[in-house]
Amino acid sequence: MNSRPHNQNLIVISEAEHCELEKSRRNAEYLAKLEHSMQQFKEGKGVVKTMDELLNMEK
């Protein structure tokens, strides 16, 4: 660890380790969004669409 201005520390890790940390962070964010969506669904806040409605939204 190297000392930086304003008492901020710098930690050096490999690019591969950095990528794994970023992947873990993104996965955690995604899982939190899924959990939030499931909670909304359980509370009856979901929206139901037919396949035709979804296809029409695509146009």
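Just so you know, these numbers use all the heavy atoms, side chains as well, and skip hydrogens, waters and symmetry mates.
One finds no salt bridge joining Glu29 and Arg26 here, because no Lys/Arg side-chain nitrogen approaches an Asp/Glu carboxylate oxygen to under 4.0 Å.
Partner of His36 under the side-chain contact (heavy atoms from CB on, under 4.5 Å) criterion, chosen from Met38, Gln40, Lys33: Gln40.
Of all heavy-atom pairs between Glu17 and Ile13, the closest is OE1-CB, 3.8 Å.
There is a side-chain donor-acceptor pair under 3.5 Å between Glu43 and Gln39.
The line from OG1 of Thr50 to CG of Asn56 is 8.0 Å long, rounded to the nearest 0.5 Å. Taking CD from Glu15 and SG from Cys19, the interatomic distance works out to 5.0 Å, rounded to the nearest 0.5 Å. Note that CG of Leu21 and NZ of Lys23 are 12.0 Å apart. Values are rounded to the nearest 0.5 Å.
Other residues, nucleotides and ligands contribute over 12 non-hydrogen atoms within 6.0 Å of the CD atom of Glu22.
Under a hydrophobic clustering in which Ile, Leu, Val, Met, Phe, Trp and Tyr are joined whenever their side-chain heavy atoms come within less than 4.5 Å, directly or via other members, Leu54 and Val48 fall into different clusters.
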